[in-house]
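Notes follow once the structure below has been shown.
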There are 2 protein chains.
Amino acid sequence: MPPIFTVDPRSGVPIYLQITEQVKRSVAVGVLTPGEQLPTVKQLAADLVINANTVARAYRELERDRVIETTPGRGSFIASNGSVAGAKRAVADVVDQALVAAVREARSMGLGRGDLKDLFERSLDRWYPHDNASEENAAS
Amino acid sequence: MPPIFTVDPRSGVPIYLQITEQVKRSVAVGVLTPGEQLPTVKQLAADLVINANTVARAYRELERDRVIETTPGRGSFIASNGSVAGAKRAVADVVDQALVAAVREARSMGLGRGDLKDLFERSLDRWYPHDNASEENAAS
DNA sequence: GCTATTGTACTAATTAACTAGTACGCTAGC
DNA sequence: GCTAGCGTACTAGTTAATTAGTACAATAGC
């Protein structure tokens, strides 16, 4: 059994998002390399004891972001053309949209650059726990 | 009646959030000044043709954020203790929503803290021209 | 062509968020 | 005290998101 992901249905985070996150992170870190095959939809669903459609949704999102390439009858594979840098860039692009929206909002309300930066740092600390505290806390 | 807010139930944005945002923005800009009374829950509900509880929820959030002070039997008033600092904090709160959304997106996609910080800096530079921005190009 | 394996499409059940309806507690003025 | 005005608590209806169940389409190997 190759690499197996883990999900927690009670974490509040949608299962399909937990899967996409782990795949993307694995690609970015290099654990999953271009061309490598992912577990099949039904195999992963069986391993995680969830529905196949949930895995399929995760894979669909990953394909939309050009992280994987999937073909009915063959399976799903880490995108070969984009490589790791491509995956990272695809991710960055989506995130950039959200960031720009936030910055525009701040500026339209007259918030200073320093203040905005300060706010950002706090958001960062809130969602990227320092060190390797893997424990999750349900925010307020 | 004095200042009336507007809401769009079909915008997809929860009504109570539309209200809190408008109040916070008004406070930040100075349209609403400390000590000033807000429309009563039922009055505003009648004006906007929505339920009083929806307005009440908005006011509750605003009080939680120390933007207004409300007492049963008296009404709701713009917080007087905070003044300018309060306004700034009110603005920060609105912006914070957008930032948190961006950070969450980044994290859900497996983007590292460093990469996200990098993206943010670039968005910042794009919208806040380098007037007296301190030099922070090299290693962070 | 036939069969096994893979992803997909369609539909339903569950859950959470949001809003509304109604009745109640608190404050002010008489 | 009593009344009027204001916010609150509790409950129910609506909607959207998430997940699961079942049946279908595409690819590979025989």
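Per chain, numbering begins at 1; letters A, B, ... match sequence-line order. Computed from a predicted structure; not experimentally measured. Atom set for the values below is all heavy atoms of this structure, side chains included, hydrogens, waters and symmetry mates excluded.
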Whole-Å distance between D/dT19 P and A/Leu48 CG?
12 Å
Give the rounded distance in Å between these two atoms: CZ of B/Phe77 and P of D/dC6.
10 Å
Measure CD1/B/Ile15 against P/D/dA16 and give the value in whole Å, please.
13 Å
What's the CD-C1' distance between A/Glu61 and C/dG7, to the nearest Å?
16 Å
Taking C-beta and beyond as the side chain, do B/Leu32 and B/Ile68 meet within less than 4.5 Å on heavy atoms?
no
Where the side chain of A/Asn53 is concerned, which of C/dG7, C/dA9, D/dG7 is the nearest nucleotide?
C/dA9
Keeping the roles fixed (side chain from A/Gln18, backbone from A/Val13), state whether a donor-acceptor pair exists under 3.5 Å.
yes
Among D/dT19, C/dG7, D/dT8, which nucleotide sits nearest the side chain of A/Arg57?
D/dT19
When you check the phosphate oxygens OP1 and OP2 of C/dG7, does a side-chain N or O of A/Tyr59 lie under 4.0 Å from one of them?
no
Can you tell me the distance, in whole Å, between the CD atom of B/Gln37 and the C1' atom of D/dG5?
11 Å
Between D/dT19, D/dA26, D/dC6, which nucleotide has the shortest distance from any of its atoms to the side chain of A/Thr54?
D/dT19
B/Thr40 or A/Pro72, whichever maps to the more 5' nucleotide of DNA chain D:
B/Thr40
Are the side chain of B/Thr40 and the backbone N or O of B/Gln43 linked by a donor-acceptor pair below 3.5 Å?
yes
Send over the distance from B/Glu69 CD to C/dC26 P, rounded to a whole Å.
20 Å
Sub-3.5 Å donor-acceptor pair from the side chain of B/Asp65 to the main-chain atoms of B/Val67, do we have one?
no
For B/Arg74 and for A/Val41, locate the closest nucleotide of DNA chain C by heavy-atom distance; then report the residue assigned to the nucleotide nearer the 5' terminus.
A/Val41
Between D/dG21, C/dA28, D/dA20, which one does the side chain of A/Ile50 approach most closely?
D/dA20
Please state whether the base of D/dG5 and the side chain of B/Lys42 form at least one donor-acceptor pair under 3.5 Å?
no
Heavy-atom nearest nucleotide on DNA chain C taken for A/Arg60 and for B/Leu17; more 5' hit belongs to A/Arg60
Gap between atoms CZ and P, on B/Arg10 and D/dT15 respectively (whole Å)
14 Å
Short side-chain N/O contact from B/Tyr16 to OP1 or OP2 of C/dT19, under 4.0 Å:
no
Expressed in angstrom and rounded to an integer, what is the separation of B/Asn51 atom CG from D/dA9 atom P?
15 Å
Contact between A/Thr70 and A/Arg60 at the side-chain level, heavy atoms closer than 4.5 Å - yes or no?
no
